[in-house]
Amino acid sequence: MKRILVVFRGENKRFCNNTFNDTRYCIPNNKFRLIDGLKRIGYEVDVMFVTYTSEHLQDFVNAYQPKKVFLMDYEGSSQHLNFKFLLESIEPFVNDYERILVFRFDFLFKKNIEEWGDWEKEGIMFPWKDVSEDIYNERKYTMDGFFCLDPKWFLKFKQMYESVYKNWLGVTNGLHFLTTELDKTDIPFYFMEQECYESNTSLPTLGHKNP
């Protein structure tokens, strides 16, 4: 049986403009559209977390039954360091899987993963484009809610990330500009369909009832 590793990363408890967003609303959507979807098309699925402790963490553990939970401290942390820690944490396991799918805890999806089209494409790592083609072409900005990492390219991707961002501190937009750096390498990448996702919990919509 083919195996997929699903990694939920970052904060499991979110504030945006001092407003609390309960990311637990995303659990039914993510379980049905992502994890159950992978099982429906014949994958064995393992789940891991790379996150922070919170009073909500146990709810996510109960829901997803992760194989491993890697915890970071908030003090001195950043989006960049969290992702670096993620790559270091999962490196020993990547060759056990066909793909490594990395999600934020707070995203919702419109389509079941088996309807995503090219997400199994060989030799890729992809985020999706944000807002529009014109804006992407102007500033190479991509969304950071989902990444698909191919084990064959994982080590080279990790080395690129650590080399480029080793002095990157405090700023939290580095993941949004990864394709700028990937363009300088031979690591192939492409973008998922924007129609696959709904929003994050910073932009509450009826998508929270989906499914």
Side-chain angles (χ1 to χ4, degrees), residues 1-14 22-109 113-114 116 119-120 124-127 144-162 165-166 172 174-175 178 192 197 200-201:
M1 180 180 287
K2 298 184 294 184
R3 301 179 70 195
I4 289 279
L5 175 61
V6 172
V7 185
F8 287 96
R9 72 165 181 90
E11 294 180 311
N12 58 73
K13 177 182 176 182
R14 298 277 291 176
D22 194 337
T23 59
R24 291 174 296 180
Y25 283 123
C26 298
I27 290 174
N29 174 283
N30 289 184
K31 285 186 69 176
F32 182 80
R33 296 213 181 276
L34 305 179
I35 295 174
D36 292 347
L38 290 167
K39 293 177 180 177
R40 287 192 292 269
I41 54 177
Y43 282 101
E44 179 182 328
V45 182
D46 286 336
V47 176
M48 296 184 186
F49 293 171
V50 179
T51 187
Y52 305 92
T53 189
S54 82
E55 65 270 33
H56 295 165
L57 179 57
Q58 190 60 45
D59 293 326
F60 288 97
V61 170
N62 294 343
Y64 295 119
Q65 297 294 303
K67 184 176 181 178
K68 289 187 176 292
V69 178
F70 300 98
L71 292 176
M72 289 189 67
D73 293 326
Y74 271 110
E75 185 176 353
S77 184
S78 67
Q79 182 192 63
H80 155 62
L81 293 176
N82 177 279
F83 200 76
K84 180 177 183 293
F85 181 68
L86 181 150
L87 296 175
E88 293 170 348
S89 298
I90 68 174
E91 183 176 7
F93 309 99
V94 295
N95 290 324
D96 297 332
Y97 299 96
E98 298 284 327
R99 287 290 186 275
I100 302 96
L101 307 181
V102 181
F103 300 94
R104 278 172 36 177
F105 282 88
D106 64 336
F107 262 77
L108 297 158
F109 297 88
I113 196 166
E114 61 265 39
W116 284 12
W119 73 271
E120 287 183 300
I124 57 97
M125 189 293 297
F126 67 94
D144 71 338
F146 167 73
F147 298 96
C148 175
L149 307 181
D150 186 331
K152 294 187 295 295
W153 295 94
F154 180 86
L155 183 58
K156 181 170 280 192
F157 173 75
K158 179 175 178 286
Q159 290 171 340
M160 179 276 293
Y161 186 85
E162 292 178 343
Y165 293 114
K166 63 184 178 181
T172 57
L175 296 184
L178 277 176
M192 74 182 292
Y197 73 95
N200 62 31
T201 51

Can you tell me how far [atom2] of [Y] sits from [atom1] of [X], rounded to the nearest 0.5 angstrom?
X: I113; Y: C148; atom1: CD1; atom2: SG; value: 8.0 Å
X: N29; Y: F107; atom1: CG; atom2: CZ; value: 11.5 Å
X: L87; Y: L149; atom1: CG; atom2: CG; value: 7.0 Å
X: L175; Y: F83; atom1: CG; atom2: CZ; value: 5.5 Å
X: L86; Y: K158; atom1: CG; atom2: NZ; value: 11.0 Å
X: L38; Y: R99; atom1: CG; atom2: CZ; value: 12.0 Å

Using a strict 4.0 Å threshold on nitrogen-to-oxygen distance, state whether [X] and [Y] make a salt bridge.
X: K31; Y: D36; value: no
X: R9; Y: D144; value: yes
X: E44; Y: K2; value: no
X: R104; Y: E11; value: no
X: R40; Y: E114; value: yes

Do [X] and [Y] have side chains that get closer than 4.5 Å, going by heavy atoms?
X: L71; Y: L57; value: yes
X: Y25; Y: D106; value: no
X: N82; Y: M72; value: yes
X: S89; Y: F85; value: yes
X: Y97; Y: D46; value: yes
X: L178; Y: F157; value: yes
X: F60; Y: V69; value: no
X: V7; Y: L101; value: no

Side chains of T23 and N12, donor plus acceptor under 3.5 Å
no
Checking F154 against I90 for the side chain to side chain contact (heavy atoms under 4.5 Å, CB included) test, could you report, in this order, the C-alpha distance in whole Å, the side-chain angles of both residues, the deciding distance, and whether it holds?
CA-CA 10 Å; F154 180 86; I90 68 174; 3.9 Å; yes
[X] (side chain) donor-acceptor with [Y] (main chain) under 3.5 angstrom:
X: Q58; Y: E55; result: no
X: D59; Y: R24; result: no
X: Y161; Y: H80; result: yes

Could you go step by step and tell me if T53 and D73 meet the side chain to side chain contact (heavy atoms under 4.5 Å, CB included) rule?
CA-CA 8 Å; T53 189; D73 293 326; over 6 Å; no
Other residues, nucleotides, ligands: >12 heavy atoms within 6.0 Å of K68 NZ
no
F109 six-ring centre to R33 NZ/CZ under 6.0 Å and within 45° of normal
no
Verdict with reasoning, F8 to M48, per side chain to side chain contact (heavy atoms under 4.5 Å, CB included):
CA-CA 6 Å; F8 287 96; M48 296 184 186; over 6 Å; no
Write down the atom of [X], the atom of [Y], and the distance for their closest heavy-atom approach.
X: G10; Y: T51; answer: O-OG1, 2.6 Å
X: I100; Y: P151; answer: CD1-CG, 3.7 Å
X: V47; Y: I35; answer: CG2-CD1, 3.9 Å

Could you go through K67 and L5, starting from their C-alpha distance and side-chain angles, then the distance that decides it, and tell me whether this counts as side chain to side chain contact (heavy atoms under 4.5 Å, CB included)?
CA-CA 10 Å; K67 184 176 181 178; L5 175 61; over 6 Å; no
Partner of F49 under ring-ring contact (aromatic ring centres under 6.0 Å, His included), chosen from F70, F105, F103:
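By the ring-ring contact (aromatic ring centres under 6.0 Å, His included) criterion, F49 pairs with just one of F70, F105, F103: F105.
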